[in-house]
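Below, chains carry the letters A, B, ... as their sequence lines are ordered, and counting in each starts from 1.
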Amino acid sequence: MKSNNFKDTVSAVVAGIPKGKVATYGQVAALAGNPGASRAVGMIMSKNKDTKAVPCHRVVGSTGALTGYAYGNGTTTKKQMLQKEGVVFKGEKVDLKESKWEPK
DNA sequence: AGATTGACCGTGT
DNA sequence: GACACGGCCAATC
């Protein structure tokens with residue numbers, strides 16, 4: 001069974017991000033089979049309604065900067081959730097050298 | 001069906 | 001290191 005829709009594929013990739021780790025939009029896009037579709041990934045996340053199935057809060061910018069979040073207080077809630085999961089933060093950004101997800 | 005938007009990324013200054 | 005510009009992809013109006 002393979003997801004024919006880009007949205008579904010991206011959702012599967014995001015859902016595969018281990019707890020305490022974060023992936024960048026470009027990373028997810030590449031894993032979804034479309035390197036460069038980082039913008040599309042972000043849009044899908046914004047329209048994503050299954051936050052419990054797709055932890056979109058584990059997806060951050062390429063520099064580790066927390067981008068928008070359609071729930072809670074936006075990036076504020078997002079940061080709290082990530083930090084609670086064990087993600088290391090560097091000010092208002094995620095410490096990618098410590099908490100960036102490395103897909104195998 | 002066409003045009004615009006959007007939670008981006010890379011490069012240049 | 002910070003700011004500005006352009007390019008890529010998919011979803012939405």
- Item | Glu92(A) CD to dA2(C) C1', straight-line distance once rounded to whole Å | 17 Å

- 5' precedence on DNA chain C between Lys7(A) and Gly36(A) (nearest-nucleotide basis): Gly36(A)

- Message: Can you say whether a donor on the side chain of Tyr25(A) sits under 3.5 Å from an acceptor on the base of dA7(B), or the other way round?
- Response: yes

- Task: Describe the nucleic acid contact of Ser46(A) in one word from base, sugar-phosphate, nothing, applying a heavy-atom distance below 4.0 Å.
- Result: base

- Item | Whole-Å distance separating the NZ atom of Lys93(A) from the C1' atom of dC8(B) | 15 Å

- Query: Taking the side chain as C-beta and beyond, is there a heavy-atom pair between Val28(A) and Trp101(A) under 4.5 Å?
  - Reply: no

- Message: Between Glu85(A) and His57(A), is there a side-chain heavy-atom distance shorter than 4.5 Å?
- Response: yes

- Query: Counting only N and O atoms by type, is there a donor-acceptor contact under 3.5 Å from the side chain of Thr75(A) to the main-chain atoms of Leu66(A)?
  - Reply: no

- To the nearest Å, how far apart are Lys47(A) NZ and dT4(B) C1'? 13 Å

- Query: Using a distance-only test with no angle check, is there a side-chain donor-acceptor pair under 3.5 angstrom linking Thr67(A) and Tyr25(A)?
  - Reply: yes

- Could you state the atom-to-atom distance from CG of Asn73(A) to C1' of dA7(B) in whole Å? 16 Å

- Message: For dC9(C), does the base pair up with any side-chain atom of Arg39(A) as donor and acceptor (N or O, under 3.5 Å, distance only)?
- Response: no

- Short question: side chain of Asn48(A), backbone of Asp50(A) - any donor-acceptor pair under 3.5 Å? yes

- Message: Under 4.0 Å, heavy atoms only, any strand: does Ala40(A) hit a base, just the sugar-phosphate, or nothing?
- Response: base

- Message: Just the rounded figure in Å: distance from P of dT5(B) to CE of Met45(A).
- Response: 22 Å

- Residue Met43(A), side-chain heavy atoms: nucleotide from dA7(B), dT5(B), dC9(C) that is nearest: dT5(B)

- Item | Interatomic distance, Asn34(A) CG vs dA11(C) C1' [rounded to whole Å] | 14 Å

- Just how far, in rounded Å, is P of dG6(B) from CG of Asn48(A)? 18 Å

- Item | Phe6(A) CZ - dG6(B) P separation (whole Å) | 19 Å

- Query: Taking the side chain of Ser38(A) as heavy atoms from C-beta outward, which of dC9(B), dA7(B), dA10(C) is closest to it?
  - Reply: dC9(B)

